[in-house]
Amino acid sequence: MPLLVLVPGNWFSVHLPWWPLLNLGGHSVALVGLPLVIGLGLTVKHSLPTAFFQRLGKQLTWLALLGTVLTIVCRFFANWSLWSLLAYLIVGIILVATNIIYDRQQEFSNSQVMNGIRIIGIQPNSPAAKMNLVVGDVILEVNGQKVTNEDDFYKALITNATYCHLKSGIEMIN
């Protein structure tokens with residue numbers, strides 16, 4: 001995924017004279033960082049994380065392809081650089097917005113629980129699958145010990161590696 005884009009033309013030198021420019025093959029290009037840090041403002045609250053990130057990964061692949069195409073086009077049509085950059089940013093913003101909306105429309109909630117830990121994924125044929133646990137269940141105790149986070153869960157789990165007794169329950173979500 002292109003996080004840094006070479007923008008040909010002199011727009012940056014005219015409008016931002018302090019902007020660093022590179023000279024490539026006799027052409028002046030500006031190195032522009034496009035922070036596609038989607039995760040900074042994107043919190044998954046209602047989707048299953050694996051499904052959500054598979055969907056997001058496909059969309060980011062298409063966004064990267066668009067960025068590559070726009071970069072190649074701008075190599076030949078330098079006056080399109082600013083418009084291409086704007087189009088790229090707008091598509092990125094739309095991608096983030098649609099994923100936020102998608103997440104809010106899901107029925108599942110992986111929000112933080114106060115008393116226990118929520119199961120957000122189960123591997124097929126694993127001990128958890130054999131215990132008939134389901135995604136969304138909240139584990140309150142492991143081997144008689146209350147758990148409130150992942151560290152507590154694993155500490156309680158290793159107290160008896162051959163036997164695991166879980167107490168689960170449903171936590172009300174506001």
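All of these numbers come straight from a predicted model, not from anything done at the bench.
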### Query
For the atom pair CG (L140) and CG (N115), what is the distance rounded to the nearest 0.5 Å?
7.0 Å
### Query
CG/L70 to CG/L65 distance, rounded to the nearest 0.5 angstrom?
9.5 Å
### Task
Over all heavy atoms of both residues, which pair between R118 and V138 is shortest? Give the atoms and the distance, please.
NH1-CG2, 3.7 Å
### Task
Could you point out which residue of L63, T71, V69 forms a side chain to side chain contact (heavy atoms under 4.5 Å, CB included) with Y88?
L63
### Task
Return yes if some donor-acceptor pair links the side-chain N/O of D152 with the main-chain N/O of T148 below 3.5 Å, else return no.
yes
### Query
Do L166 and D137 pass the side-chain contact (heavy atoms from CB on, under 4.5 Å) test, and can you show the C-alpha distance, the side-chain angles, and the key distance before you say yes or no?
CA-CA 11 Å; L166 301 178; D137 281 352; over 6 Å; no
Mind listing the side-chain donor-acceptor pairs of residues 20-27 below 3.5 Å, one per line with the distance, residues two or more places apart or on another chain?
residue	atom	partner	partner atom	Å
N23	OD1	G26	N	3.4
N23	OD1	H27	N	3.4

### Message
Between I94 and L56, is there shared hydrophobic-cluster membership here, with clusters defined by ILVMFWY side-chain heavy atoms closer than 4.5 Å?
### Response
no
### Task
Quick one: closest heavy-atom pair of C74 and P8, and the distance?
O-CG, 3.0 Å
### Task
Measure the OG1-CD1 distance between T68 and I72 for me, rounded to the nearest 0.5 Å.
6.5 Å
### CG on N99 to CZ on F53, rounded to 0.5 Å
9.5 Å
### Query
Who pairs with W83 by ring-ring contact (aromatic ring centres under 6.0 Å, His included), at least two apart in sequence or on another chain?
none
### Task
Supply the atom-to-atom distance Q145 CD to H165 NE2, rounded to the nearest 0.5 angstrom.
12.5 Å
### Task
Would you give the length of the straight line joining atom CD1 of I100 to atom CG of L95, rounded to the nearest 0.5 angstrom?
10.0 Å
### Query
When you look at CG of N79, are more than 12 heavy atoms from neighbouring residues, nucleotides or ligands closer to it than 6.0 Å?
yes
### Task
Determine, stepwise, if the pair V142 / Y154 fulfils side-chain contact (heavy atoms from CB on, under 4.5 Å).
CA-CA 9 Å; V142 176; Y154 286 111; over 6 Å; no
